[in-house]
Amino acid sequence: MHKSRRAAILPVGVTVGALVAGGLLAMSGAAQADTASDATRKRQQALLTAADEYHVPPAVLLALSHQESGWDGHGGLPSTDGGYGPMNLTDVTPAMLAGGGAGAAGRADLETLAADPALHTLDQAAQLTGLSTRDLREDDAANIRGGAALLASYERELVGGTPADPAEWYGAVARYSQAKQEKAAASFADRVFRTMRSGASATTQDGQRLRLAASPSVIPERQQIDALHLRTAPTAVATECPTTVDCTFVAGSPVGRQVADRPTNGIRVDTIVIHDLESTYDAGVAGLANPTNPASTHYVMSSAGAVTQMVPTKDIAFHAGNYSTNLHSIGIEHEGYAAHGAAWYTESQYQATADLVKYLAARFGVPLDRQHVIGHDNNAPARGRATFLEGHPGAGESERASARRAPSSGGVG
């Protein structure tokens, strides 16, 4: 629930010969000649080169990078979950975990929390490649090599090799999300494979271009996720989510909410408030479920694009620091550490948030504009009974989330 800067977006690249040979780009002979040395395709060439070096199917690496970063380097600035570069390699510090009133400030075990290997995939990539952590943070090609090496290491542990069939990489892709809950890991892997099946293309803000051709016949081996032995969540309680978002229910703090019957009782829902947790997904859900917590929220969104609903939308959650806003709004928390200079959210998180916002907007008649889809500190200062204050991910981020469309589903609503 803290401010973040708008993302800086960096270059991409590829030689057309490699793209055509890999089946990733179809072009005429004249077009090939015109773009064979096109510097706007460096990042795609780096992805294809790394895929070849570490024996990862090119479509898998391209789709995974698309879901992590939208294929952007973001100028070496970290994501809100502490990741760097096109592969979102993480390096989370205790200072990130301690950020803001919603974070873990004051906890004596910050060093232990920050030592979780899932928060340090950048270090793991350094060990696998021999590259420096600085290069992995700041050099896009090095970062891509690190991500490919990490993904390949997961695949070897899971199946004993690096098969050429993309369908056999589902488990490794799920593990790459670093999610500890099975549903969250599956949510990320499903988005990666939907991207593979539908294809994707992008031109970054500085004119760099990438393309992934559609592979509609790829059917992932979803049962591989069982071998990861991740936590499963109870599914007895129904959730209010679009079909494109994996959703679980965990009850929020009873003192952080007010039972109601919106909008049947005449209280309209006319605002959606976007927040940033300043913590990990699991820690955020656990904290908001603490029965003594005076704050709550309707939804918590992971960086992998999975959702935990914590308060039914008919009820009032104390999330905005302003009772009037709480009365008429729905709150969506996001995993991350935006208070510490983070500049971007993962593509999976953007897409899942867009789907959820559009679903809620359609249900409650909330206009999709910047007056009704807002960041936390776009609302009026706290007054009355709810006093939990945080920042927000930034006006540009809430606008981007409300407008974004997933390439596979075309959005909801």
Q: Can you measure from CG (L136) to CD (Q124) and round to the nearest 0.5 angstrom?
A: 11.5 Å
Q: Roughly how far, to the nearest 0.5 Å, is the OG1 atom of T264 from the NZ atom of K314?
A: 9.5 Å
Q: Between the side chain of S253 and the main-chain N/O of L288, is any donor-acceptor distance below 3.5 Å?
A: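 The answer is no, because no donor-acceptor pair under 3.5 Å joins these two groups.
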Q: Among all residues two or more places apart in sequence or in another chain, which pass the salt bridge (Lys or Arg N to Asp or Glu O under 4.0 Å) test with D261?
A: none
Q: In terms of the angle between their ring planes, are F193 and Y170 parallel, tilted or perpendicular, with boundaries placed at 30° and 60°?
A: tilted
Q: Would you find a donor on one side and an acceptor on the other, under 3.5 Å apart, between the side chain of D139 and the backbone of A142?
A: yes
Q: Distance-only, no hydrogens or angles: does the T271 side chain make a donor-acceptor pair with backbone N or O of S329 under 3.5 Å?
A: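 Between the backbone of S329 and the side chain of T271 there is no qualifying donor-acceptor contact (under 3.5 Å).
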Q: Can you tell me if Q67 uses its side chain to pair, donor with acceptor, with the backbone of V192 under 3.5 Å?
A: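 Not a single qualifying donor-acceptor pair exists.
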Q: Specify the closest pair of heavy atoms between R222 and A186, including all atoms of both residues, with the distance to one decimal.
A: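 Heavy atoms only, the tightest pair is NH2-CB, 3.9 Å.
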Q: Check whether the side chains of T353 and Y345 place a donor and an acceptor atom closer than 3.5 Å, and report yes or no.
A: no
Q: Would the distance check show the side chain of R262 and the main-chain N or O of T313 forming a donor-acceptor pair, the cut-off being under 3.5 Å?
A: yes
Q: Determine, for R257 against D315, whether the closest basic-nitrogen to carboxylate-oxygen distance falls under 4.0 angstrom.
A: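 Yes, charged N to carboxylate O under 4.0 Å.
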Q: State, to 0.1 Å, how close L230 and A185 come at their nearest heavy-atom pair, and which atoms those are.
A: CD1-CB, 3.5 Å
Q: Measure the SG-CG distance between C241 and D246 for me, rounded to the nearest 0.5 Å.
A: 9.0 Å
Q: Check whether any side-chain N or O of S303 sits under 3.5 Å from a backbone N or O of D81 as a donor-acceptor pair, and report yes or no.
A: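 No.
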Q: Tell me whether S187 contacts the main-chain N or O of K183 through its side chain, where contact means a donor paired with an acceptor under 3.5 Å.
A: no
Q: If you compare all heavy atoms of Y299 against all heavy atoms of I330, which two are closest, and at what distance to 0.1 Å?
A: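 For Y299 and I330, the tightest heavy-atom pair comes out as CE1-CG2, 3.9 Å.
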Q: What's the shortest heavy-atom distance between G305 and A352, and which atoms?
A: O-CB, 3.4 Å
Q: Tell me, do R268 and L327 make a side-chain contact under 4.5 Å, heavy atoms counted?
A: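 No, side chains not in contact.
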Q: Is there side-chain contact between K358 and P242, with at least one heavy-atom pair below 4.5 Å?
A: no
Q: So that I know where these two stand, are H334 and H275 an aromatic pair - ring centroids less than 6.0 Å apart?
A: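 No, the ring centres sit 6.0 Å or more apart.
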Q: Looking at side-chain heavy atoms only, is the closest gap between W169 and P220 below 4.5 Å?
A: no
Q: Quick one: does Q309's side chain have a donor or acceptor within less than 3.5 Å of a partner on E240's backbone?
A: yes
Q: Show your reasoning for whether side chain to side chain donor-acceptor pair (under 3.5 Å) applies to T308 and Y281.
A: CA-CA 9 Å; T308 295; Y281 181 56; 2.7 Å; yes
Q: Just checking, any donor-acceptor pair under 3.5 angstrom between side chains of T244 and D355?
A: yes
Q: With Q258 as reference, evaluate I316, N326, V311 under the side-chain contact (heavy atoms from CB on, under 4.5 Å) test and give the passing residue.
A: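 That would be I316.
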Q: What do the steps show when you test W71 against L47 for side-chain contact (heavy atoms from CB on, under 4.5 Å), and what is the final call?
A: CA-CA 10 Å; W71 291 325; L47 284 159; 4.2 Å; yes
Q: Could you measure the distance from the CD atom of Q224 to the CZ atom of R175? Nearest 0.5 Å is fine.
A: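 Answer for the CD-CZ pair, Q224 versus R175, is 12.5 Å.
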Q: Between A283 and S279, what is the shortest heavy-atom contact and its length?
A: C-OG, 4.1 Å
Q: Give the C-alpha distance, both sets of side-chain angles, the deciding distance and a yes or no for side-chain contact (heavy atoms from CB on, under 4.5 Å) between V357 and L368.
A: CA-CA 8 Å; V357 166; L368 286 172; 3.7 Å; yes
Q: Just by distance, no angles: are the side chains of T121 and T90 close enough, under 3.5 Å, to form a donor-acceptor pair?
A: yes
Q: For I267, does the CD1 atom have more than 12 heavy-atom neighbours from other residues, nucleotides or ligands under 6.0 Å away?
A: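 Yes.
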Q: Examine the side chains of H120 and D91 and answer whether a donor and an acceptor come within less than 3.5 Å of each other.
A: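 Per modelled atom types, H120 and D91 side chains form a pair under 3.5 Å.
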Q: Quick one: do the E155 and Y176 side chains pair a donor with an acceptor below 3.5 Å?
A: no
Q: Using a distance-only test with no angle check, is there a side-chain donor-acceptor pair under 3.5 angstrom linking E68 and T346?
A: no
Q: Would you kindly say whether D38 and T40 are connected by a side-chain donor-acceptor distance under 3.5 Å?
A: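 D38 vs T40: donor-acceptor pair found between side chains.
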Q: Do the side chain of S65 and the main chain of P86 share a donor and acceptor less than 3.5 angstrom apart?
A: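 Yes, because the side chain of S65 sits within donor-acceptor range (under 3.5 Å) of the backbone of P86.
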Q: With side-chain contact (heavy atoms from CB on, under 4.5 Å) as the test, would you mind laying out the steps for L150 and M87 before giving the verdict?
A: CA-CA 10 Å; L150 188 65; M87 302 304 294; over 6 Å; no
Q: So, do I272 and H372 sit near enough that their side-chain heavy atoms are less than 4.5 Å apart?
A: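 I272 vs H372: side chains apart.
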Q: Under the side-chain contact (heavy atoms from CB on, under 4.5 Å) rule, what do E347 and H66 come out as? Steps first, then yes or no, please.
A: CA-CA 7 Å; E347 191 71 10; H66 184 273; 4.2 Å; yes
Q: Are R197 and D190 within salt-bridge range, i.e. N to O under 4.0 Å?
A: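 No.
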Q: State the CG-CG distance between N88 and N143, to the nearest 0.5 angstrom.
A: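 Reported value, rounded in 0.5 Å steps: 8.5 Å.
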Q: In Å and rounded to the nearest 0.5 Å, what is the CG to CG distance from L356 to L360?
A: 4.5 Å
Q: Okay, side chain of S302, backbone of A306: is any donor-acceptor separation there less than 3.5 Å?
A: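 Yes, because the side chain of S302 sits within donor-acceptor range (under 3.5 Å) of the backbone of A306.
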Q: Please set out all donor-acceptor pairs under 3.5 angstrom arising from side-chain atoms of residues 53-63, sequence neighbours excluded.
A:
residue: E53; atom: OE1; partner: R145; partner atom: NE; Å: 3.0
residue: E53; atom: OE2; partner: R145; partner atom: NH2; Å: 2.8
residue: Y54; atom: OH; partner: R145; partner atom: NH2; Å: 3.4

